[in-house]
Number of protein chains: 2
Amino acid sequence: MPSGITIKDVAREAGCGVATVSRVLNDSGPASAETRKRVLDAAARLKFSFSDVGRSLQSRQTRAIGCLVPSLVNPVFAEAVQELQACALERGFHVLLMCSNYDPALEAEAMRILLAKRVDGMILTLSAASDCAELATVQDRNIPACMMYNTPVPGVPSAFVDNRSAARDVAGEFARAGHRRVGFLALRFGSSDRARERYEGFLEGCRAMGMDDPVLVEVDEAIRFEDVNLQRLLSGDRALTGLFASNDYLALSVISAVHDLGLTVPGDVSVVGFDGIAIGRAFRPSLATIVTDAREMGRIAADTVIEMITTQDMPVPELSGLAYSFRRGESLGSPRGGRTDDGEVAASPTPSCHPKRNSTVPKEQQS
Amino acid sequence: MPSGITIKDVAREAGCGVATVSRVLNDSGPASAETRKRVLDAAARLKFSFSDVGRSLQSRQTRAIGCLVPSLVNPVFAEAVQELQACALERGFHVLLMCSNYDPALEAEAMRILLAKRVDGMILTLSAASDCAELATVQDRNIPACMMYNTPVPGVPSAFVDNRSAARDVAGEFARAGHRRVGFLALRFGSSDRARERYEGFLEGCRAMGMDDPVLVEVDEAIRFEDVNLQRLLSGDRALTGLFASNDYLALSVISAVHDLGLTVPGDVSVVGFDGIAIGRAFRPSLATIVTDAREMGRIAADTVIEMITTQDMPVPELSGLAYSFRRGESLGSPRGGRTDDGEVAASPTPSCHPKRNSTVPKEQQS
DNA sequence: CCTGTATGTGGAAACGTTTTCACACAGGTT
DNA sequence: AACCTGTGTGAAAACGTTTCCACATACAGG
């Protein structure tokens, strides 16, 4: 019996009709000073508070924004969600949260729940925006939506950074430090558009800099580096001298794993991350990474979706990619036997890199 | 126009009454094979999906669990929330999330929103459970609720650890390492029961070990150590040799600030945290801390509240405090001029540690 | 005295469900 | 022929709001 007491009880208590109660409590219509007082008193006496479910039914809006992210443990999403929640609250909306755990099936189920809940808008970070059936439904129904971290698809705006371009920059940084053989480390590579885009940009960048193609290292959610056999990747003739992790969380984990192996960063291997989470700066070695502004992502997404909700028939806004920047950090150094800048590397054959496959590669801002 | 299409449209399309549609789509009553098919077809053709708001109104339950935490950026809460969200989803509930930002006013507003939303249950981490007016309303209305991290109050169960006891243990660890003058570092001390309890336990512990009373160092949310003048606390005749931070997040920040000052941990000052967040292990120096299981907190809270929701007239369950353990870490060492392990300190009176007050102090595992 | 315009007020419909209830009709029994 | 007993079905009420509309009452101007 949640609350139990309804507007009718208040009306009875105050000796008037429900319409009057609604009017005075919402300040939405005329009422004599005397009635007003009676109603207010009655409501207070009964500790009445409106039920949003009745309200939502009649107003045909819930003032809820559905939010779906792959994880909260990754600080990037935690920050974004916290910020967008605060923004929403400020504007009288609240957030219905779902975590997909990077699982496409859960993702789909979460979207269906959000749809059933009749949220007024959605903020989504999807594994694969381009082929998400539920996202199509969202568009069908004209539900305002905005993505975060996903590259936008036609009809759905997104608060995002250009993953490819940023990853190319990272390749440049590795090259400048003298690396030639590096790896790309991804969590659940298969089910994350972001990881894939970062890999593709990294690959392009490596080729452009005359480095070897990066080795793709995939880890599962548990991040068990024993399985990956980090040791083997980092030793021997063709040892990797650098690792680009698809996010900071992973980067920090791999640094830790490297230490556990008795090796050092960046002595034995350099590590670069992606996201720019705060803790990376405090870490020793401090984490070299692409810095993005998670809170701004959240804020932009919230603003966008709320604006779409509140203004009718708005055209889908065009959000441009957000600024990012490379942060130097101690985790990126020169390889052991390496040249500092551009030594004999440039002199060697430098096999031309991208035989084909340079499809659509945007590269807007470069903050 | 969210979805727009309702059960009535389906009924019309299928040429039957709404009751029939409800029955076949919910599998909740008889229907001839032929009608069943017609309804199913119609629903599919129209892409119909039930509206939870209509449903909630009539069933008088929302299958929503309200969740209020002070922050998501602190990984402890992120993990707990992620876990409880997953648990809830498994049982057919979803989570309405709110962050209070450690702000009592926001906290109160968030609770009112949750109340208005008519959530079926609540999971709360409050700044001061004992005097929260809205919590009283929750109890009034018999809304199932469970706290997390808060010490339970009569009538409201909680998934918690015994902050006082754990903090006393930390004092013991400092003493064993040879410290005498230490500080306690808290974020918004005034508005967090947890920080206060940890301080009190620490104070008791320090006294019991014959150490000086710990110095209380309070920082605001922005964690600006310039304002705190860390330098002064750590130098001079009466310099602190150790700092106990009220949570790991803060501990990591202070280690970083100490480094920025050109000092070392634990050389110049030892640091111990509270919570046991994962990243603390990877940190250099690795963080000595009280390890708690955030996911278990979330899971227990979710299980508890869902059980209270699903079984009528259940007595308020008695949850015992969760296990915690001290994790040794490089961030706790002996003070500069200090004795290594138990030198002359142990030779001194060695006051028994927990004089009394060993009420319900579960202390099971000790990993 | 009749009409017109304010001003308060409450009844009732609508929002999208589920569920109760009654009804129709089939196929047995007596 | 009259009676049960199922089985399938739909009308209608209820859930808690808001809002539209109509109805009072009052008081002004003709």
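Chain letters run A, B, ... following the sequence lines, proteins first, then strands; residues in each count from 1.
Considering only heavy atoms from C-beta on, B/V316 stays 4.5 Å or farther from B/V156 through its side chain. In this structure, B/M148 and B/L84 have side chains that are in contact, with non-hydrogen atoms separated by less than 4.5 Å. Considering only heavy atoms from C-beta on, A/I143 comes within 4.5 Å of A/L115 through its side chain. Residues A/D193 and A/R196 have side chains in contact (heavy-atom distance under 4.5 Å, counting atoms from C-beta outward).
Rounding to whole angstrom units, CG of residue B/D52 and P of C/dT17 are separated by 9 Å. The CZ-C1' distance, from A/R60 to C/dG16, rounds to 10 Å in whole Å. A/F50 has its CZ atom 8 Å from the C1' atom of D/dT17, to the nearest Å. Between the CG atom of A/L57 and the P atom of D/dT19 there is a distance of 13 Å, rounded to whole Å. Here D/dG10 presents its C1' atom at 15 Å from CZ of B/R12, a figure rounded to the nearest Å. We find that CD of B/Q61 is positioned 14 Å from P of D/dG16, with the value rounded to whole Å. As a whole-Å value, the separation of A/K8 NZ from C/dG10 P is 16 Å. In this structure, A/I7 places its CD1 atom 14 Å from C1' of C/dA12, rounding to the nearest Å.
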Filtered N/O pairs between nucleotides 23-28 of chain C and protein, under 3.5 Å:
none

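Residues that satisfy the side chain to side chain donor-acceptor pair (under 3.5 Å) test with B/S32, not counting sequence neighbours, are B/T35. In terms of the ring pair (Phe, Tyr, Trp, His ring centres under 6.0 Å) criterion, residue partners of A/F50 (sequence neighbours excluded) are, by chain and number, A/F48. Residues meeting the side chain to side chain donor-acceptor pair (under 3.5 Å) test with B/T62, sequence neighbours left out: B/D120.
Remark: B/R55 is not in phosphate contact with C/dG16, judged by side-chain N or O atoms under 4.0 Å from OP1 or OP2.
Atom CD of B/E13 has more than 12 neighbouring heavy atoms from other residues, nucleotides or ligands inside a 6.0 Å radius.
For the side chain to side chain contact (heavy atoms under 4.5 Å, CB included) criterion with A/V24, the lone passing option out of A/T20, A/D27, A/N26 is A/T20.
Summary of the strand contacts: A/Q58 and B/S59 both lie near DNA chain D, and taking for each the nucleotide with the nearest heavy atom, the more 5' one is attributed to B/S59.
Taking five base pairs at each end of the helix from C/dC1-D/dG30 to C/dT30-D/dA1, the local helix axes there meet at an angle of 80°, rounded to 10°.
Across all non-hydrogen atoms, the minimal contact from A/P70 to A/S100 is CA-OG, 3.3 Å.
Within residues 19-42 of chain A, the residues approached by DNA chain C to less than 4.0 Å at the level of any non-hydrogen atom are A/A19, A/T20, A/R23, A/P30, A/A31, A/S32, A/T35, in residue-number order.
A/S158 places a side-chain N or O within donor-acceptor distance of the main-chain N or O of A/N150, the cut-off being under 3.5 Å.
Looking at heavy-atom distances under 4.0 Å, A/G17 makes contact with sugar-phosphate atoms alone, never a base.
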